[in-house]
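The sequence lines fix the lettering, A, B, ..., with proteins before strands; numbering per chain opens at 1.
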Amino acid sequence: MSEYRQALMPVPPWRRTDYCGALRAGDAGREVALWGWVATRRDHGSLIFIDLRDREGIVQLVFNPERDADAHAVAQAARAEFYLAVKGRVVRRSEGTVNAELPTGEIEIVVAVAEVLNPSQPPPFPLAGPDGAAEEVRLKYRYLDLRRAEMQRNLRRRHQALRGARAYLDANGFIEIETPILFRATPEGARDYLVPSRVNPGRFYALPQSPQLLKQILMVGGFDRYYQIARCFRDEDLRANRQPEFSQIDIEMTGPRPEDIHEMAEGMMASIYEYAAEIQIPRPFLKMPYEEAMERYGSDKPDLRFGLELKNLTDAFSGTQFKVFAETLARGDAIYGLALPGAYQLSRRELDELAEGLRTRQSLGLAWAKIGSDGWQGPVAKFIGADERVSAAAAAGLSEGDTLLMVAGPRGKVRPVIGDLRLQMAAKFALRDATALKFLWIVDFPLFEYSEEEKRLVSVNHPFTAPRPEDLALLDAEPLKARALAYDMVLNGQEMGGGSIRIHNAELQLRVFALLGIERAEAIAKFGFLLDALAFGAPPHGGIAFGVDRIAMMVCGTDSLRDVMAFPKTQKAVDTMSGAPSEIDPRQLRELSIRVAR
RNA sequence: GGGGUCGUAGUUCAGCCCGGUUAGAACGCCGGCCUGUCACGUCGGAAGUCGUGGGUUCAAAUCCCAUCGGCCCCGCCA
């Protein structure tokens, strides 16, 4: 490597006057001082061009050996990702050398002085262009990955989204309050991340899955309106849109009706989109009861960017001779269908694969029929009589050339399965309008559902959700029919946020706990602080929480959470850059009174 | 816990099915030449535990088994 002067100075030899990527034609004639990374270097033997990059973009530097030999020597020695400080004059590029692709393409910097502030090893992967390297490598060298324009853009949009949220909440009287990260483990919900207490051997803190209880207590504490950009932790398996550690915009207010929360949340979302994407989103959002969403879309977070609604064929087949369907009806179960327009053709093999998927995953059978000019075709067509064909065709709105997919079974199982088929078909036939933003609220969730695994009622939302007042009477007799004052905000088939009006009465809270199988003594042991708080004049209150990371994914147009987090973890919850989680020194464990069993 | 998929120069990938020369290409890297490039050009060069371990075979990047890791999904995630 040839010679260069490396300034081992802890601060640059001169202050920066501008960001590289911010210079424009209007700056022509100015003397500027810049710092930045070498993005690319084009060496013509004597003339050398360097594209210098900082967070705002790149600008072209020109080094002419006849003008300044020292600066030129620096350019000769410089390599990709060297951090340089330069001084020079901004000049308009001569005609024919303008680069229309670059915002800075009308000008360049004629460099008079240059210093290498820090050389760099050759980067392990190229930093220009959209993700060239495998994520494995990008995560290990995250600091290099973060220099890429895409990551710079994503994290800044995320920042703008949060600014939008804060601006709205601040303007509407919400007070930002921090809650502890070291909290207590509570039953229900996801697995907790635990932190041992050194001064209380054998005891553990839990990292909060969300600040749920604390924000309720802040309402009891009289703050009236609270918000927080809160870190949350859940020790569950990861997905493309799930990390063990994530952020939510957590909001609680005193005395709201659900509509008040909706209006506020829509205002905040509008502010987010204005700040992050300069888009005006249409308001108010559609509201859809949970039951309707399940009936029409087979999902509590329906994607409304396309139609293809489910068809309830139960009545249409009421007189069927087809054994499978007849048995279904005899059990009181349901038959649902999905009518694929003739333009969306599936091969026999694709249909078989779909059927196989349902059998293995859901142990449900898929029946299908193609509506031809000479009647129904398909393996089950011969079992389906003329009358049923007419009624089914009417119920499903079938025309010639269409394909009807049918699934029979318990309603609670069949609807989500067909809902999933609906999404698969949307992906296969590219039915989604990529530019649409389809917001809606899902309301009137059930309060409870029955858990086969635990053989008891569990909360659909969380145990602090208030029942609808008119459904209070159902609590003891038919708790599964009781609806909750709960709501989810859904955007393009993704849950953006959810919340509820909370129970603010200790007796009602104890009743709900009891229905969940949490007896009075256990409730007092584990949630005594909440029950006590409710007993001291707790005001009615309710709120909502939004997934910051999911919002960031939407405004950035990416489908991986890792693209909108600075330091995400892999699917095994590992940080490949730092090596966390790591083994711990035995001495440290001893201090914590912990012995590793493995 | 389970299913799928990928793992070969620094990077992106080909080769793997059907075992058999010295494991290739592009980008990057190193060196030479080059005064208007912007993915500069051009000439030359270096660069590989084929993820790891075991097995089958005269012979394994290639076939088999196990294992580790990345990604996607199911379960799980109020």
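- Across all strands shown, B:G45 forms a Watson-Crick or G-U wobble pair with B:C29, both key distances being under 3.5 Å.
- Atom OH in A:Tyr141 sits about 14 Å away from atom C1' in B:G28, given to the nearest Å.
- The pairing partner recorded for B:C50 is none, the criterion being a Watson-Crick or G-U wobble arrangement whose two distances lie under 3.5 angstrom.
- In this structure, of B:U37, B:C71, B:C76, it is B:C76 that holds the atom nearest to the side chain of A:Arg239.
- The aromatic ring of A:His44 sits over the base of B:C40, with ring centres less than 5.5 Å apart and planes inclined by under 30°.
- Between A:Arg432 and A:Asp303, at least one side-chain nitrogen of the basic residue sits less than 4.0 Å from a carboxylate oxygen of the acidic one, meeting the salt-bridge criterion.
- Searching all strands for a Watson-Crick or G-U wobble partner of B:C17 with both distances below 3.5 Å returns nothing.
- Here the nucleotide nearest the side chain of A:Val137, chosen from B:C76, B:U37, B:U12, is B:U12.
- With a cut-off of 3.5 Å on both pairing distances, the Watson-Crick or G-U wobble partner of B:C63 is B:G55.
- When the side-chain nitrogen and oxygen atoms of A:Thr40 are compared with OP1 and OP2 of B:C40, one or more of them lie within a distance under 4.0 Å.
- Closest-nucleotide positions on RNA chain B for A:Val98 and A:Asp237 were compared, and the one nearer the 5' end corresponds to A:Val98.
- You'll find the side chain of A:Leu491 reaches within 4.5 Å of the side chain of A:Met554, heavy atoms only.
- A:Phe49 qualifies as a stacking partner of the B:U37 base, centre to centre under 5.5 Å and near-parallel within 30°.
- Annotation for A:Asp192 and A:Leu207: closest pair OD1-O, 4.2 Å, computed over non-hydrogen atoms.
- Residue A:Arg79 has a polar side-chain atom (N or O) positioned under 4.0 Å from OP1 or OP2 of B:C30.
- Contact annotation: side chain of A:Arg242 to base of B:C76, donor-acceptor pair present below 3.5 Å.
- For the pair A:Phe125 and A:Asp145, the minimum side-chain heavy-atom distance is below 4.5 Å.
- Residue A:Ala190 places its side chain closer to B:C77 than to any other of B:C77, B:C71, B:C38.
- For A:Gly96 and A:Ala573, each mapped to the nucleotide of RNA chain B holding its nearest heavy atom, the one lying further toward the 5' end belongs to A:Gly96.
- Here B:G36 is the nucleotide among B:G36, B:G70, B:C77 with the atom lying nearest to any side-chain atom of A:Glu108.
- OP1 or OP2 of B:U37 has not a single side-chain nitrogen or oxygen of A:Arg42 nearer than 4.0 Å.
- Side-chain atoms of A:Arg42 and A:Gln60 include a donor-acceptor pair closer than 3.5 Å.
- The base-pairing partner of B:G69, taking Watson-Crick or G-U wobble contacts with both distances under 3.5 Å, is B:C6.
- The side chain of A:Gln60 lies closest to B:C38 when the candidates are B:C29, B:C38, B:C77.
- Rounding to whole angstrom units, CG of residue A:Asp192 and P of B:C77 are separated by 13 Å.
- Residue A:Arg562 has a polar side-chain atom (N or O) positioned under 4.0 Å from OP1 or OP2 of B:C72.
- Using a 30° and 60° split on the angle between ring planes, A:Phe529 and A:Phe527 fall in the tilted class, from 30° to 60°.
- Put simply, A:Lys572 has a side-chain N or O that comes within less than 4.0 Å of OP1 or OP2 on B:G69.
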